[in-house]
Visitor: 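There's a structure below that I have some questions on.
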Amino acid sequence: MDTKMLDNFLEQVKTLPRMFYNTVENFGARPALKYKVNGTYVTMTYNEFADIVEIMANGLISSGLEKGDRVCLMAHTSAQWAWADFSILNSGGVTVTAYPTLPADDVEYLLNHSEFKFMYVGNEEILNRIKPVVENSPIVKKIIVLDDAFQNENGKIISLNTLKNAGKKFAGANPGFYTENWQSLKGSDPSSIIYTSGTTGSFLKGSLLTHEDMIGSLTRSLKHMIIGGTNCTYEDTAFSLLPLSHIWERNNSYFAMIAVGGCIGFAEKPTTLLQDISEIKPTWVLFVPRLWDRIFNGLKGALTSSPQGRETFEWALEVGRKVLKHRTGTNGAVDLTADPTEGLDEELKADFLKAKAAVFDVYYNALGGRLKVAYSGGGMLPPDLHEAFLSINFPLLNGWGLTETAAGINHGYPNATKIGWLSKMVPGVEAKLDEDGEILVKGIGIITRYFKNPEEDAVSFTPDGWFRTGDIGEFDDEGFLRIVDRKKYIIVLDTGKNVAPARIESRFVNNPVVEQIIVIGNDRKFLTAVVVPGYDYILYLMRERGISIDESQLEFADINGINTCVHVSKDVANHPLVRELVDAEIEKVNSDMDDYEKIKKYIILPGKFTEENGMLTPTLKIKNRVVLEKYADEIEAMYK
């Protein structure tokens, strides 16, 4: 697509069903979805995708779904998620997304607030967790389990097969109804409600996004990418791992592929990431910063497992840094679309090609060997990690957006990438800074109100209609944006000094010693921290130095395809070597900070923050509030 075609697309394709059938008409025989069945990847074409969506949508309509009815979709990222989503949208319903890990009380809140009448659940495990909340609700008419093998039906709870059979029967008796139904939808009709955490005391707030909001967000991002020197076409394949219940993955990966007739390849599960991505061989991937950090250091660990490997890696990284410096313009921007060897002297060029073959290509090939678009979003990408990826000639870009903005409204230009910065705003979106530095935005795809929440509306929008993003930012002379921190996360010491904890925490990303850290200090005299060391690296050092370890006390888990230590004994966590190593890293970061920004004390935890223990969100962000509550006594002790 070019920008003129995208203008026509925005003007003529007003709804997601029309976008879907536009692609089916033009690319019906091309691959749409690639997913595993019994351990083997299979491919579904757009024609086949449309067939199953139509059957399921007719099943919903036959069960009583009417235009505007809300349908909750609570399932893991999968082809079935896509079938369910478009069956809702194409029947005129509104998709209410829910993370598959949500507890029952959160689902109860969604039910009471959105009043969804139907629900898709991914499997019986999810069903059993939320069943007490939804089964006896007078609001909910049907609960459909997206599993052909599900058998415990009871009339209200049915299997996917039962829904399909009902859909076939309804379609036979009502030919043409389904098509007339989706064609009657307008761009101003609601398409989705996506809930995020509230700020006024409300438990969750729902962003109501219309069909036109979604279509607009797609076109603005695709136009932005063209300006930045890259394009998205029917030949692209996206790798889908992050939760589709999250706006970023759903809009900038899943909808984007469907809009242009590309293919979506689904990871089987997070623990098989590297295996799945090597089979799918995507051109397009979106990950959160913590996942990029894990990939960089996981592959680094494999490459540096021997003394010779460590020496080769460090040499290659230094060569990469020299080349990156050469590629960086006077404005700090790097053109990632250009030949990295252009203009190098013969010696540096030869070294770069050797480093590429020995180290850089390992990263590129581990992620399928075809990537042209690799974005980091859903949180701040630390400059050190960004620089590390660019130094190994990996085209990692930075992105920023919110649920309320229908995902990305500022993401890096491939032809002008600045470490630590984003880019200019996407076409159709305006931005400015409030007096306190908060970024205010308005334009295409940005909500103008929350769903049934005037309290949030009052604090989230200015009187003249600008949306308050809650992020503190700054613009450079070229109009490039940099995120400083979340406004609500700014620490105010009792001296009145303001501290951006993300700026400090980001200095520890890509650090083998300090893997996770939370900086604390609101209304306190000084900063402290909760630290989770990188135990894989520390255990390696302890074994190398002959320090005795009780191996039976170590707990490991397969995280994104990498065997990872997630918990150690207190003897390991409290060992003097661990304190010595962490001390050195904190001192290194402190040396670049003003006195009031220095971490004065810290505690070391024996286990990682994970989604399983409730310390991480599904998008791998640390749940600060949960951590601070759990370790309140230990934190308080640091201030006595």
Visitor: For residues H224 and M425, determine if any side-chain heavy atom of one lies less than 4.5 Å from a side-chain heavy atom of the other.
Guide: no
Visitor: If every non-hydrogen atom of S137 is compared with every non-hydrogen atom of V133, which pair is closest and at what distance?
Guide: CB-O, 4.0 Å
Visitor: Go through the side-chain N and O atoms of Y254 and D85 and say whether any donor and acceptor fall under 3.5 Å apart.
Guide: yes
Visitor: Near K36 NZ, under 6.0 Å, is it more than 12 heavy atoms from other residues, nucleotides or ligands?
Guide: yes
Visitor: Using a 4.5 Å cut-off on heavy atoms from C-beta on, say whether the side chain of S245 contacts that of I194.
Guide: no
Visitor: Evaluate the criterion side-chain contact (heavy atoms from CB on, under 4.5 Å) for residue pair I264 and F49; output intermediate values, then yes/no.
Guide: CA-CA 12 Å; I264 305 163; F49 188 10; 6.0 Å; no
Visitor: State, to 0.1 Å, how close M44 and E48 come at their nearest heavy-atom pair, and which atoms those are.
Guide: CA-OE1, 3.4 Å
Visitor: In a check of side-chain hydrogen bond (donor to acceptor under 3.5 Å, both in side chains) between K372 and each of N231, D236, T230, which one passes?
Guide: D236
Visitor: With a 4.0 Å cut-off on N to O distance, would you call D7 and K223 a salt bridge?
Guide: yes
Visitor: Are the side chains of S192 and R250 in contact, using a 4.5 Å heavy-atom criterion?
Guide: yes
Visitor: With distance as the sole test, does W292 use its side chain to make a donor-acceptor pair with the main-chain N or O of Y375 at under 3.5 Å?
Guide: yes
Visitor: Would you call H411 and L397 a side-chain contact if the rule is heavy atoms closer than 4.5 Å?
Guide: no
Visitor: Give a yes or no on whether E11 atom CD has more than 12 heavy-atom contacts from other residues, nucleotides or ligands under 6.0 Å away.
Guide: no
Visitor: Going through the distances and angles, do D464 and T462 end up as a side chain to side chain donor-acceptor pair (under 3.5 Å)?
Guide: CA-CA 5 Å; D464 55 349; T462 66; 2.5 Å; yes
Visitor: Return the set of residues passing side chain to side chain donor-acceptor pair (under 3.5 Å) with S184 (not counting sequence neighbours), or none when no residue passes.
Guide: K67
Visitor: Counting only heavy atoms not in K623, do more than 12 fall under 6.0 Å of its NZ?
Guide: yes
Visitor: Answer yes or no: does atom NZ of K156 have more than 12 heavy-atom neighbours from other residues, nucleotides or ligands under 6.0 Å?
Guide: yes
Visitor: Could you please spell out the steps behind the side chain to side chain donor-acceptor pair (under 3.5 Å) verdict for E153 and T162?
Guide: CA-CA 9 Å; E153 298 182 284; T162 298; 2.5 Å; yes
Visitor: Take F266 and D276 through the test side-chain contact (heavy atoms from CB on, under 4.5 Å) and record every step on the way to the result.
Guide: CA-CA 8 Å; F266 294 96; D276 294 339; over 6 Å; no
Visitor: Once rounded to the nearest 0.5 Å, what's the spacing between atom CG of L481 and atom CD1 of I439?
Guide: 4.5 Å
Visitor: State, with a plain yes or no, whether a side-chain heavy atom of Y120 is found less than 4.5 Å away from one of S87.
Guide: yes
Visitor: Any non-hydrogen side-chain atom of V42 less than 4.5 Å from a side-chain atom of Y35?
Guide: yes
Visitor: Would you say the side chain of N22 lies within less than 4.5 Å of the side chain of Q12, judging by non-hydrogen atoms?
Guide: no
Visitor: Does the side chain of S376 come under 3.5 Å of the side chain of N398 through a donor N or O and an acceptor N or O?
Guide: no
Visitor: Could you tell me whether a side-chain N or O of N8 sits under 3.5 Å from a main-chain N or O of M5, the two making a donor and an acceptor?
Guide: no
Visitor: Do the side chains of T448 and K442 get nearer than 4.5 Å, heavy atoms only?
Guide: no
Visitor: Side chains of E455 and Y450 only: does a donor on one sit below 3.5 Å from an acceptor on the other?
Guide: no
Visitor: Is atom NZ of K117 surrounded by more than 12 heavy atoms (other residues, nucleotides or ligands) closer than 6.0 Å?
Guide: no
Visitor: Between R468 and E438, does any side-chain N to carboxylate O distance fall below 4.0 Å?
Guide: yes
Visitor: Would you say the rings of Y21 and W182 are close, in the sense that their centroids are separated by under 6.0 Å?
Guide: yes
Visitor: Is it true that F170 and Y178 have ring centroids separated by less than 6.0 Å?
Guide: no
Visitor: Ring-plane angle category for H246 and Y99, please: parallel below 30°, perpendicular beyond 60°, tilted otherwise.
Guide: tilted
Visitor: Kindly determine whether W83 and L33 satisfy side-chain contact (heavy atoms from CB on, under 4.5 Å), including the steps that lead there.
Guide: CA-CA 10 Å; W83 304 343; L33 310 175; 3.6 Å; yes
Visitor: Would you say S159 and N161 are linked by a side-chain donor-acceptor pair, where the criterion is simply a distance under 3.5 Å?
Guide: no
